[in-house]
Amino acid sequence: MDTIRRRVASLYLWPQNFEIQILSGSVGTMKKPVGILQVKVVRALNLLKMDLLGTSDPYVKLSLSGDRLPSKKTSIKMKNLNPEWNEDFKLTVKEPQCQVLQLHVYDWEKVGAHDKLGMQVVPLRLLSPHQTKGLTLNLVKNMNPNDPQNKKSRGKLEVELTFKPFREDNERFSGPLNRNGIKINTVGKASEDVPIHRAGLLLVLLQGAEDVEGKHHSNPYALVTFGGEQKKTKLIKKTRDPCWNEEFQFVLEQAPLKEKIHIEVMSKRTGFCLHRKELLGHVDINLDDVVYNGRINEKYNLINSRNGVIHVEIRWRVI
């Protein structure tokens, strides 16, 4: 042990920190979603004047701590120090006891960096599941309580927050449905406690592919298209058997019955080549089984590919 301590100590340049990464950032080590945070950005009051004409062009960026997804943004309200948005957003929650909602208000600029008007955070542990909480937040410059600039009034931001946890994973939808999308029990009556037309989260994990090969290059990546959104995996060079292990999320207002998700495996040149992109195969996956069973984990033969196969896991989490 003394030898180990000396070797580790020699790596330090005191007083700097030496960080050792134990777990990778792969999907297998990341926290899984446990619910949806619904955020309504209502309005702001008495914002700072940043423009020469004594006004600002504010918008709000919102995100959850520890989330690698891009921030959500409200629309821009031109020349308004008391803007009203009344805009709704949904964010995926992984650790409600640890995560905080981060709200940043900016003054939009046509050229150059956007000026910061103020910010505030809300710990999710303050929220009770399924109960909407209205908050009026005093904007500050930063979260340093000793910064004298935080004593300056920067206006207020009004928001409404609702945390909706997912229902238990072992709840499954099965059996015939009535025209309202509610399961019928064995005596022909609707079972009101198992409605399927609920909001939820569709999670698509692209684990990898096998035997995908282009005519001119094989640098595969995958495109996932659903509901007008498109997600893209990383590109892996010079392989017929890529391993992506990437997960994508789609927040939906109701279960995706009778809908399909479209996945394409593409190849893109990395050097000089006349053929910049190639389609290596595609597949359309019906989502009915995901809704009724909660999860599918299958390998699918790619259309327009000689032997190509893609490994996909899809889960449906209901709130």
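For clarity, every value in this text was computed on a predicted model and none was experimentally measured.
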Without hydrogens or angle criteria, can the side chains of [X] and [Y] be said to hold a donor-acceptor pair below 3.5 Å?
| X | Y | result |
| --- | --- | --- |
| Thr92 | Gln249 | yes |
| Thr162 | Gln131 | no |
| Asn297 | His311 | yes |
| Gln102 | His104 | no |

Can a salt bridge be assigned to the pair Arg240 and Asp211 using a cut-off of 4.0 Å between side-chain N and carboxylate O?
->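 Here Arg240 pairs with Asp211 in a salt bridge, since their nearest N and O are under 4.0 Å apart.
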Distance-only check: which donor-acceptor pairs under 3.5 Å involve side-chain atoms of residues 35-51, not counting sequence neighbours?
from, atom 1, to, atom 2, distance (Å)
Arg43, NH1, Glu158, OE1, 2.6

Is any side-chain heavy atom of Lys72 closer than 4.5 Å to a side-chain heavy atom of Leu91?
->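 Yes; the side chains approach each other to less than 4.5 Å.
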Enumerate the residue pairs fulfilling ring pair (Phe, Tyr, Trp, His ring centres under 6.0 Å) with a member in residues 119-162, sequence neighbours excluded, ordered by first and then second residue.
->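 Pairs touching residues 119-162 that pass the test: none.
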Do any pairs count as a ring pair (Phe, Tyr, Trp, His ring centres under 6.0 Å) and have a residue in residues 141-165, sequence neighbours left out, and if so which ones?
->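 As it turns out, there is no ring pair (Phe, Tyr, Trp, His ring centres under 6.0 Å) pair with a partner in residues 141-165 once direct neighbours are skipped.
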With a cutoff of under 4.5 Å between side-chain heavy atoms, which Ile, Leu, Val, Met, Phe, Trp and Tyr residues group with Met78?
->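 Same cluster as Met78: Tyr59, Ile76, Tyr106, Trp108.
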Donor-acceptor list for residues 219-229 side chains, cut-off 3.5 Å, not counting sequence neighbours:
from, atom 1, to, atom 2, distance (Å)
Asn219, OD1, Lys238, N, 2.9
Asn219, ND2, Lys268, O, 2.9
Thr225, OG1, Gln230, NE2, 3.2
Glu229, OE1, Lys231, NZ, 3.3

Please identify each residue that fulfils side chain to side chain donor-acceptor pair (under 3.5 Å) with Lys156, with sequence neighbours left out.
->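 Counting only residues at least two positions away or on another chain, Lys156 forms a side chain to side chain donor-acceptor pair (under 3.5 Å) with Asn138.
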